[in-house]
Peer 1: 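Below is the structure I would like to discuss, written out as structure tokens.
The chains referred to below are lettered A, B, ... by the order of the sequence lines, with proteins before strands, and numbering in each begins at 1.
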2 protein chains.
Amino acid sequence: MHERQAPITPAQPADPPPPQTRVDNAVRAITDHIHGQSLKVGDKLPSEARFAEWLGVSRTVIREAFKSLSAMRIIEMRAGRRAQVCGFDGSVIALSLTHALRTEQINPQQLWDARRAVETRTVALAAIRRSDAEARRLLALVAQMHDCVDDLARMTEHDIAFHVAIAEASRNPLFPVLVAALTSAMRETNPMVWRQRRDDESRQEVVHAHEAIAQAIADGDPEAASNALARHFDLASQGLVMAGFN
Amino acid sequence: MHERQAPITPAQPADPPPPQTRVDNAVRAITDHIHGQSLKVGDKLPSEARFAEWLGVSRTVIREAFKSLSAMRIIEMRAGRRAQVCGFDGSVIALSLTHALRTEQINPQQLWDARRAVETRTVALAAIRRSDAEARRLLALVAQMHDCVDDLARMTEHDIAFHVAIAEASRNPLFPVLVAALTSAMRETNPMVWRQRRDDESRQEVVHAHEAIAQAIADGDPEAASNALARHFDLASQGLVMAGFN
DNA sequence: CACAATCAACCTATCATACAAGTTATTTCC
DNA sequence: GGAAATAACTTGTATGATAGGTTGATTGTG
């Protein structure tokens, strides 16, 4: 009779841990190299052949290891030149989330809630830390949104740009990345929500919500910014329900 | 004289977009297949050979595409059996963040701030939505922390488990993933912070902060939970400064 | 000497083939 | 009918070859 707390995460049927392949080892060796040599963004890695020799495996193995790291945007590969350490962006996270959405492991509602958590902080920080140029830029972005309430694609891009711009003004490089990832993962579901707002008035309402956020940030009022953001997200949530997500 | 708004993101030297390789195409074809066939977690993919035939490329190309997707945990590969669609977990995000930390694209302070943003919401939601079993579990986890203030490794694992458990109680599957990712990315820097707290008293202080959070959640008091969390993060921030990050 | 064209060396992208080893479905034997 | 042997398939790795991109050195020229 084994005592054990009911685990929240239902102990998976526990496939025995997949045996480490040579590619796995190579991946570790390569990341260790990057870390060990303190390589920074843009630094070049040794060639595939070199690693193959060092690790005593075929180039095939190194190739797959490189590709793995390239997929995770840890390195960047291009024909002819040596791989180099890659800059940090949200695309991996975005892809991961997109896949989770498509396979119904999470739903849009939950994604919006995560955005709410993150952006509640970014707007507040932005209101405090934004530069004047950033304030102007936010207002300009909102102005542009007015012009494309009927162009779904452009609207979406402006929307993403707006929220990322706020995150940038928060002066924490992690936030633009997270916001970009969470937002762009919604690219596939957002159109359905937007289509719920048929009349112009209803659409302008959304733009006005953005306007209020931009204004509050420009005013340097974190409280007002949070409130405006909350209103924006409530609108979105309302749209989600109308579109049949819940 | 070209007019243009000063871009916040310093327009990179703009390498021309890397030409699409066959592997890139294969990756897209495979994800399209998953999406198109509405494959769900655990579903099997066609064999590498099949894809190679369909796309008219060598198995090498498909292999690297598979490995890419496997690195992003979109599929899972194991010798002998066909690849299957993979479940969503935070390990990709965690790896991405770890790499960003190591290459000094972000710093621990910023990571903590992102956690603060996310967890401020998870504790509040947990206080509202937690089941009784989850409340008991949280209190039990804290109790275990008392016993290992001198065992850095166990402490770290308990700490992560605690915060993830809260995120699970928030009933949004995205949150455990995000929290796990953000938390475990700190595995490398946390020890340095912890070592700043030499005396037992100072360490118990940290445990007590956790205790307060768990109690507030058990009491179903979101306000108190947020406050307790804020206190916990202030303590951590203080530790970061002592350890020389800022 | 500066500068541009040329070339050699190196590197990645892809292919074809081969074989070992792990999994799964089938068949065979008791 | 059930268990063991086996066939068919699949992934993991190796080898060797070639095409095409990149880079830096060389060379020729104004």
Side-chain angles (χ1 to χ4, degrees), chain A residues 12-31 33-34 37 39 41-86, chain B residues 12-31 33-34 37 39 41-86:
Chain A
Q12 324 269 8
D15 290 309
Q20 297 274 356
T21 70
R22 300 190 186 190
V23 175
D24 294 329
N25 291 331
V27 166
R28 202 134 19 85
I30 296 165
T31 53
H33 176 88
I34 295 175
Q37 306 279 71
L39 298 190
V41 176
D43 288 349
K44 287 195 182 60
L45 272 76
S47 73
E48 299 172 354
R50 183 98 80 205
F51 270 115
E53 197 184 355
W54 285 346
L55 302 181
V57 296
S58 73
R59 213 189 109 208
T60 310
V61 168
I62 303 297
R63 197 103 231 304
E64 291 183 4
F66 267 51
K67 264 284 180 243
S68 288
L69 293 170
S70 155
M72 289 196 292
R73 291 186 152 278
I74 285 175
I75 66 175
E76 198 168 27
M77 309 172 66
R78 267 168 81 176
R81 59 180 173 192
R82 305 229 296 269
Q84 45 186 61
V85 176
C86 188
Chain B
Q12 322 270 6
D15 289 309
Q20 297 275 353
T21 71
R22 301 192 187 191
V23 175
D24 294 330
N25 291 332
V27 166
R28 202 137 16 86
I30 296 164
T31 52
H33 176 89
I34 295 175
Q37 306 281 73
L39 298 189
V41 175
D43 288 349
K44 285 196 185 57
L45 272 74
S47 72
E48 298 173 356
R50 182 101 74 205
F51 270 114
E53 197 184 354
W54 285 345
L55 302 181
V57 295
S58 74
R59 192 167 61 108
T60 310
V61 169
I62 303 298
R63 199 104 230 304
E64 292 183 3
F66 266 51
K67 264 285 180 241
S68 288
L69 292 169
S70 155
M72 290 195 292
R73 291 188 152 277
I74 285 176
I75 66 175
E76 197 168 27
M77 307 172 68
R78 268 168 79 176
R81 58 181 174 190
R82 303 230 297 268
Q84 29 183 297
V85 176
C86 189

Peer 1: Less than 4.5 Å apart, any side-chain heavy atom of A/N25 and any of A/L55?
Peer 2: no

Peer 1: Of the options D/dT13, D/dA14, C/dC15, whose atoms approach the side-chain atoms of A/T21 most closely?
Peer 2: D/dT13

Peer 1: To the nearest angstrom, how far is B/E48 atom CD from C/dC15 atom C1'?
Peer 2: 15 Å

Peer 1: Which word best sums up how the rings of B/H33 and B/W54 line up, parallel for under 30°, tilted for 30 to 60°, or perpendicular for over 60°?
Peer 2: tilted

Peer 1: Provide, to the nearest angstrom, the distance between the CZ atom belonging to B/R22 and the P atom belonging to C/dT12.
Peer 2: 19 Å

Peer 1: Considering non-hydrogen atoms only, spot the tightest contact between A/A83 and A/F66 and give its length.
Peer 2: CB-CE2, 3.7 Å

Peer 1: Give the rounded distance in Å between these two atoms: CD of B/Q84 and C1' of D/dT10.
Peer 2: 13 Å

Peer 1: What is the separation between atom CZ on A/F51 and atom C1' on C/dC11, rounded to the nearest whole Å?
Peer 2: 14 Å

Peer 1: A/S47 side chain: which of C/dC11, D/dT15, C/dC15 is closest?
Peer 2: C/dC11

Peer 1: Between P on D/dT11 and CG on B/L69, what's the gap in Å once rounded to a whole number?
Peer 2: 14 Å

Peer 1: In whole angstrom, what separates B/F66's CZ from D/dT10's C1'?
Peer 2: 11 Å

Peer 1: Checking B/R59 now: which residues fulfil side chain to side chain donor-acceptor pair (under 3.5 Å) with it, not counting sequence neighbours?
Peer 2: B/E48

Peer 1: Taking for each residue the nucleotide of DNA chain D bearing the nearest heavy atom, is the 5' side occupied by A/R59 or by A/G56?
Peer 2: A/G56

Peer 1: Among the nucleotides C/dT14, D/dG21, D/dT13, which one has an atom lying closest to any side-chain atom of A/A79?
Peer 2: D/dG21

Peer 1: In whole Å, I'd like the distance from the CG atom of A/D24 to the P atom of D/dT11.
Peer 2: 16 Å

Peer 1: Start at the 5' end of DNA chain D and walk down; is the nucleotide closest to A/E64 or to A/G80 reached first?
Peer 2: A/E64

Peer 1: Between B/R81 (CZ) and C/dG22 (P), how many Å, whole number?
Peer 2: 13 Å

